[in-house]
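Here the structure comes first, spelled out in structure tokens, and everything after it is commentary.
Given the structure is predicted, the values throughout are model-derived calculations rather than measurements. Basis for what follows: all heavy atoms, side chains included, without hydrogens, waters or symmetry-related copies.
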There are 4 protein chains.
Amino acid sequence: MTDSTRTRARGADKRRRLMAAAAQVLHEQGVERTTIADIAEAAGVPVGNVYYYFKTKDELVLAALSEHAGHLAELTAELDRLPDPRARLKAMVEAWVSRRDVAARYGCPTGTLAVELDKRAEGGLDVEAGRVVRLLLDWSERQFRELGLPDADDLALTFVGAYQGMSLLASALREPEIMSRQGARLTRWLDSLGDAPA
Amino acid sequence: MTDSTRTRARGADKRRRLMAAAAQVLHEQGVERTTIADIAEAAGVPVGNVYYYFKTKDELVLAALSEHAGHLAELTAELDRLPDPRARLKAMVEAWVSRRDVAARYGCPTGTLAVELDKRAEGGLDVEAGRVVRLLLDWSERQFRELGLPDADDLALTFVGAYQGMSLLASALREPEIMSRQGARLTRWLDSLGDAPA
Amino acid sequence: MTDSTRTRARGADKRRRLMAAAAQVLHEQGVERTTIADIAEAAGVPVGNVYYYFKTKDELVLAALSEHAGHLAELTAELDRLPDPRARLKAMVEAWVSRRDVAARYGCPTGTLAVELDKRAEGGLDVEAGRVVRLLLDWSERQFRELGLPDADDLALTFVGAYQGMSLLASALREPEIMSRQGARLTRWLDSLGDAPA
Amino acid sequence: MTDSTRTRARGADKRRRLMAAAAQVLHEQGVERTTIADIAEAAGVPVGNVYYYFKTKDELVLAALSEHAGHLAELTAELDRLPDPRARLKAMVEAWVSRRDVAARYGCPTGTLAVELDKRAEGGLDVEAGRVVRLLLDWSERQFRELGLPDADDLALTFVGAYQGMSLLASALREPEIMSRQGARLTRWLDSLGDAPA
DNA sequence: GATGAATGAGGCTTCATTCAT
DNA sequence: AATGAATGAAGCCTCATTCAT
């Protein structure tokens, strides 16, 4: 391994650590209340060095968004191995409910980020947040379409909206049980949706 | 009108203007990105004078929350004049949809405030935001209970959650139509709920 | 009693209350940490009204100084009724020790005021503080001179200096006993000073 | 000298400069009338940069106190090289008198700081000021004890109290001679104290 | 004379970003 | 690439003083 390779590897590692730290800390504290120093510390990187990897704070937010997108991609990839689209959707609900404690404390990472970023038009971060939200919508819509249901796009909005809504309420009221109970309702709803007529 | 009445009126007026300005600006820009100067300007009050009415920025946020609570109280008071609880709920949905443009730009005032305030434990503003959210939940629960439905509390969570979810998605995607379409679905869902068995 | 008399009486009363409040609050909190509002509140006078009686904060400080001077004048007038100058000095020490708790908390009113005012050349308040300090020095010197002792001025400096020193130490260490113990020493010292040679 | 050494040296140097500036400016102007900007300017440091070294103004005050404590430690270390405790005490008086001009203008640094800090209970700075005062008391007590005198603690209080008192009077009256004359008296008093009985 | 309200300067502190090495 | 230190623009808040009745 040459010096430059090792350096590149170490550099890439730092970058990855910064992204992960940004994703977590920004989720927990929100964008405005999080300082670059917070993220640097969480990543174990000296403050001054952050700017070598990310030119501005906005780029770190962007990185956090893409990190969340990555997590979602991993999850959907795994769920896509299930043969039945309905089972996939139900497994998604299960995944949400399993993270109920985090949701009840900090809300849905993507959703809360979107809420905060929507309040500023400049920088285009709001658009990027919308893009990540849409990833989940698109995946959901795909499942509903595979089920042969009409208005799959609306069903996806209802599905994801329910998740965002229960996360918001769970965190506003600090009650993880809201995730469990509303998750169960969501599952029942999925079951109640008729398959494509034969 | 006596002198003191006039003075008091002016003072109270300014206070009210500050509350209204705080409610609006904080909704549009978020808590952290809004400066006292922003609110002062929106209310037409010199910055230094704000502190005569509100000792801290947090008190202004609190005032905004109570302003939103007031708006909600007005709305529910009006809806309560309808004889049928189901009609009340449907009218609530209509009210939400009618404000679709604001929702698609800035989200639900109470919901987005709650999201932002939940990220800071200090000050108790998070609890206060939860309290306002609960006002709507309680009103909704009351309607479901009047309809004689079981699990009125869960139904309320579903109902309000759907609203929060569609608001979030509408604003994340900047599509007011999401409010209309999901509003229609919500109305249909309300219609589908059976009355109390005779 | 005419209206104007009553008004003047009420006005004079307010003025007196403000002076007393200024003397107390400025002693307890120091000049810089005391706001006009603090003094107004302590006096039970609306803030805006203070300026009718005192044009600036400095004038209030001046008033406090003269209040303290008044207290001292009262005390010395009383002590002067004692026939023996040594007895007068010893009674003065007793008076100091009797106020040991206040001294241990806030120091000597005049002394601490002088310390704070000496740090600013402008306004002449420092000079005024010195004048009040000198009142006590002059009285003491008179006693020593009546005792027929040489260097009465130096003895007065030693006497008053001892008082200022023990007050400072008592308050810095928060130990009222320092006043008692050093007061006893001071009394013994007074006793040890020979009378004028016959 | 390596790069990091140089950087560290520069950083440490700035810190030291800030401490020295804080000690001096706070002594001359008092805590409340001194702004961070004053200290920064005296140290030749940009205001914003001060916060890299001291997180709050209180920390700067603390630093000033420890600076004064350092000065005292240096002085006593030097005096401790004298074989005779009485000579040490007399040399201490000489040191005080030699700084009579500063004392007559701004008082004893530690004493005046203690006076001001005692007026605020919060932050614990008052306690810290007391601690520094006690350093001098403890050293003095040690000398009196070495002389074999009874009540060394009371003698120390008298000794240090006399110093604080004369400093206060000298600065209140703006007369450096007070330091000289009372210093001479203090020296004579030290001479008059009997040694331990053989 | 009395009083609540208004004003504006100034102080403390934070932090994104840049610099020097 | 790495890093401690530097910079300066805000932002929040306080308060002496003044104003308008």
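Here dT3(F) is the nucleotide among dT3(F), dA6(E), dA2(E) with the atom lying nearest to any side-chain atom of Pro46(A). Nearest to the side-chain atoms of Tyr51(A) among the listed nucleotides dG4(F), dA2(F), dA16(E) stands dA16(E).
The interatomic distance linking Arg17(B) (CZ) with dA5(E) (P) rounds to 14 Å, in whole Å. Atom-to-atom, OH of Tyr53(D) to C1' of dC12(E) comes out at 20 Å; the value is rounded to the nearest Å. Atoms CD (Glu41(C)) and C1' (dC15(F)) sit 15 Å apart, rounded to a whole Å.
Neither OP1 nor OP2 of dG1(E) sits under 4.0 Å from any side-chain N or O of Lys14(C). One finds no side-chain N or O of Tyr52(A) lying less than 4.0 angstrom from the OP1 or OP2 phosphate oxygen of dA2(F). Listed pair Asn49(C) / dT3(E) meets the phosphate criterion, a side-chain N or O lying under 4.0 Å from OP1 or OP2.
For Ala63(B) against Met19(B), the heavy-atom pair with the smallest separation is O-CE, 3.4 Å. Here the shortest heavy-atom pairing between Ala40(C) and Leu18(C) reads CA-CD2, 4.4 Å.
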When you look at Lys57(A) and Thr34(A), which way does the side chain to side chain donor-acceptor pair (under 3.5 Å) test go after all the steps? CA-CA 10 Å; Lys57(A) 188 180 179 181; Thr34(A) 298; over 6 Å; no
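Although no hydrogens or angles enter the test, the distance criterion places no donor-acceptor pair under 3.5 Å between the side chain of Arg131(D) and the main chain of Asp126(D). Without hydrogens or angle criteria, Glu59(C) side chain to Lys55(C) main chain gives a donor-acceptor distance under 3.5 Å. Not a single donor-acceptor pair under 3.5 Å links the side chain of Lys14(D) to the backbone N or O of Gly44(D).
Salt-bridge formation is detected for the pair Arg120(B)/Asp58(B): a Lys NZ or Arg NE/NH1/NH2 atom is positioned less than 4.0 Å from an Asp or Glu carboxylate oxygen. Between Arg17(D) and Glu41(D) there is no salt bridge, since no side-chain N of the basic residue sits under 4.0 Å from a carboxylate O of the acidic one. At a threshold of 4.0 Å, the pair Glu32(C)-Arg33(D) counts as salt-bridged, since one of the basic side-chain nitrogens sits closer than that to a carboxylate oxygen.
The cationic group of Arg15(C) does not satisfy the cation-pi geometry with Tyr52(C), failing either the under 6.0 Å distance to the six-membered ring centre or the 45° limit from the ring axis.
If you check residues 20-40 of chain C against DNA chain E, you find no residue with a heavy atom closer than 4.0 Å. Listed in residue order, the members of residues 54-63 of chain D having a heavy atom less than 4.0 Å from DNA chain E are Lys55(D), Thr56(D), Lys57(D).
With C1' as the reference atom, dT21(F) and dG1(E) are 13 Å apart, rounded to whole Å.
Screening Leu113(B), Leu117(B), Leu62(B) against Glu128(B) for a side chain to side chain contact (heavy atoms under 4.5 Å, CB included) leaves a single residue, Leu62(B).
Between Val47(D) and Val45(B), the one whose closest nucleotide on DNA chain E sits nearer the 5' end is Val45(B). Looking at which nucleotide of DNA chain F each of Val50(A) and Gly48(D) is closest to, the 5′-most match is held by Val50(A).
A stem is defined here as three or more consecutive Watson-Crick or G-U pairs, each with both distances under 3.5 Å; for DNA chain E these stems are E:2-21 with F:2-21.
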